[in-house]
Structures are given as structure tokens and as C-alpha cells.
Amino acid sequence: MIETIKLCKVFRNENFETDAIKSLDFNVKKGEFVSIVGASGSGKTTLLNILGLIDNHTSGEFYFNGINVNNLSLRDKTNIRKNNIGFIFQSFNLIDELNVYENVELPLIYQKIKAKERKKRTEEILAQLKLTHRKKYFPFQLSGGQQQRVAIARSVIGKPKIILADEPTGNLDSINGKEVMELLANLNNEGTTIIMATHNISDANYANRTVQLFDGNIISEKVSKAYYKSSNFSN
């Protein structure tokens, strides 16, 4: 589903340049749950931003579903992102002026889904994530765990093929963090591919495969026993 070959990302200004990602060979198959671990500054978020087509790589190759991203226009990249990728951020990124229902519905408006279908899908995902009784609440009226559930609902309502999660439990206590991780695990069990950046080893253990980054390089990789037993993964 995702493959990078000698992927590099260099940040430059007038005085210096920083190699954030260094000649990275990385792949994710359909249906995997991959965690990317490493200390702050190791390149986790940079890599997620590139994989999510939010940022551009400096050199190397990046294939998304067999398509060479290097050859795509900005419009083509936007369409791939809109139709295939859901994002979950540590800071939730909810819109304060919109209530829970409106925050979750918003991606469907961008996709120009008709009102009747929007209502059906929004009500379904709110019920699935146990948020129906909070649908008229605004973000400031919710706990951290509830806000993250809203963010997850918003990220999956468009039925993305892949979810990119950047430190999804970073602002949560242990109870709410566990709840969010179990939600992600359930989504993966239902077929959604997940790539998660985290510094939390307990969170990383939910994944089928854990990749450790250090200074923009992969220095180790651990595959769970469940990964070997599964035959459902494909490119």
C-alpha cells in the first residue's frame, strides 16, 4: 500500500540544513497496524506528514497504492489524501465553534456527500463511538478522551483506507489513552490500515509491527507473532 525507497527530507534555511529523514526504505501493507517509535526529533512526525501528503520529500521515491507520488500534481495529491487518508492528531484539532455532530460531519461536506447520506453516516459513527449523547456539545465541554473520540470519528467517517495517527494518546491520561488505543485496534481489526507515531511503548504494542527511528533512520524493527499468523495483508 505504501512504499518508500531511499526517501530523504532536508529542512533548509539561510544558516543551516537538517536531515530529518535519511535514505529511508519503508513499506506498509494493506491491513497492517504499524507503530513508529522514537525520541522527539527522530523524524516520526516528518515521516507521517510525508506519507499523508501534507509535506513533500526532498529526494527518493514514494509509492501510494502503486502510484509514484513524485509524478503527481498538487491537485492529484489532494484528491488522494481526501479519498484515502484519515488523520488523528495529538492536539485533537477540533473546531471550537462547531459542536460534536458538526465536527464529525465536516469531512463529508468537503466530499460533497448529500445531506441525507451525511446524516446517516454521522449518526452511525457517533453511535459506534458512544458519542450520540454528546453530539450537541462543543469541544470545551468534553473531556480529553471524548475529544479524541470525536477526532477519531471525524477521521474515519469518510471511510479512509489508511489512518495516520500522530501521538494519539499524548494528551490523555492512562484510562482515556487505553480507550483510544482499543478503538484504533478495533478499526484495524475491521480492515483499516493504521500507521501511528508514538513514544509510548505500551501504545506501540497494539501494533502488528513496530519500527524504531533514530535521527531519521530505521534502527530496528519488531514484528508481532499475530502478524505471522495472519494471511490478510497485501500490497
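Basis for what follows: all heavy atoms, side chains included, without hydrogens, waters or symmetry-related copies.
With hydrophobic clusters built from ILVMFWY side chains whose heavy atoms lie under 4.5 angstrom apart, Met1 does not share a cluster with Ile5. In the hydrophobic cluster analysis, where Ile, Leu, Val, Met, Phe, Trp and Tyr join through side-chain heavy atoms closer than 4.5 angstrom, Leu48 is grouped together with Ile218. No chain of hydrophobic side-chain contacts below 4.5 Å, direct or via other Ile, Leu, Val, Met, Phe, Trp or Tyr residues, connects Val37 to Phe33. The hydrophobic clustering, which links ILVMFWY residues whose side-chain heavy atoms are closer than 4.5 Å, places Leu129 and Ile194 together. One hydrophobic cluster, built from ILVMFWY side chains closer than 4.5 Å, holds both Leu98 and Tyr110.
Side-chain contact annotation: Asp173 with Asn176, donor-acceptor N/O pair under 3.5 Å present. The closest side-chain donor-acceptor pair between Asn200 and Thr198, if any, does not fall under 3.5 angstrom.
The heavy-atom pair separating Asp96 from Pro139 by the smallest distance is O-CD, 3.8 Å. Shown here for Ala151 and Phe92, the closest heavy-atom pair between the two residues is CB-O, 3.9 Å. Taking every heavy atom of both residues into account, Leu72 and Lys77 meet most closely at O-CE, 3.7 Å. What you find for Leu47 and Ile36 is that their closest heavy atoms are CD2-CD1, 3.7 Å. Thr122 approaches Leu108 most closely through the heavy-atom pair OG1-CD1, 4.1 Å. The two atoms that bring Ile88 and Pro168 nearest to each other are CG2-CB, 4.1 Å, heavy atoms only.
Judged by distance alone, with hydrogens and angles left aside, the side-chain atoms of Arg154 form no donor-acceptor pair with the main-chain N or O of Asn103 at under 3.5 Å. No donor-acceptor distance shorter than 3.5 angstrom exists from the side chain of Asn84 to the backbone of Pro160, with no hydrogens or angles considered.
Under a 4.0 Å N-O distance rule, the pair Arg209/Glu221 qualifies as a salt bridge. Salt bridge status for Glu105 with Lys119: absent, with no side-chain N to carboxylate O gap under 4.0 Å. Taking the charged nitrogens against the carboxylate oxygens, Lys9 and Asp55 do have a contact shorter than 4.0 Å, which makes a salt bridge.
Qualifying side-chain hydrogen bond (donor to acceptor under 3.5 Å, both in side chains) partners for Asp166, counting only residues two or more places apart in sequence or in other chains: Thr45. For Asp19, the side-chain contact (heavy atoms from CB on, under 4.5 Å) test picks out Val10, Lys22, with sequence neighbours left out.
With rounding to the nearest 0.5 Å, the separation of OG in Ser174 from CE in Met181 is 13.5 Å. Expressed to the nearest 0.5 Å, how far CZ of Phe62 lies from CG of Leu24 amounts to 11.5 Å.
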I'd like a table of donor-acceptor pairs (distance under 3.5 Å, sequence neighbours excluded) in which one partner is a side-chain atom from residues 131-138, with atom names and distances.
residue, atom, partner, partner atom, Å
Thr132, OG1, Ala127, N, 3.4
Lys135, NZ, Glu123, OE2, 3.1

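With contacts defined as side-chain heavy-atom distances shorter than 4.5 Å, the pair Leu126/Val104 qualifies. Two residues are said to be in side-chain contact when any heavy atoms from C-beta on lie closer than 4.5 Å; Leu184 and Thr192 fail this criterion. Looking at heavy atoms from C-beta onward, Thr193 lies out of side-chain contact with Ile163 at the 4.5 angstrom threshold.
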Show your working on side-chain contact (heavy atoms from CB on, under 4.5 Å) between Ile125 and Arg121 and close with a plain yes or no. CA-CA 6 Å; Ile125 195 66; Arg121 286 166 63 173; over 6 Å; no
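For Lys222, the NZ atom is loosely surrounded, since the number of other residues' heavy atoms within 6.0 Å does not exceed 12.
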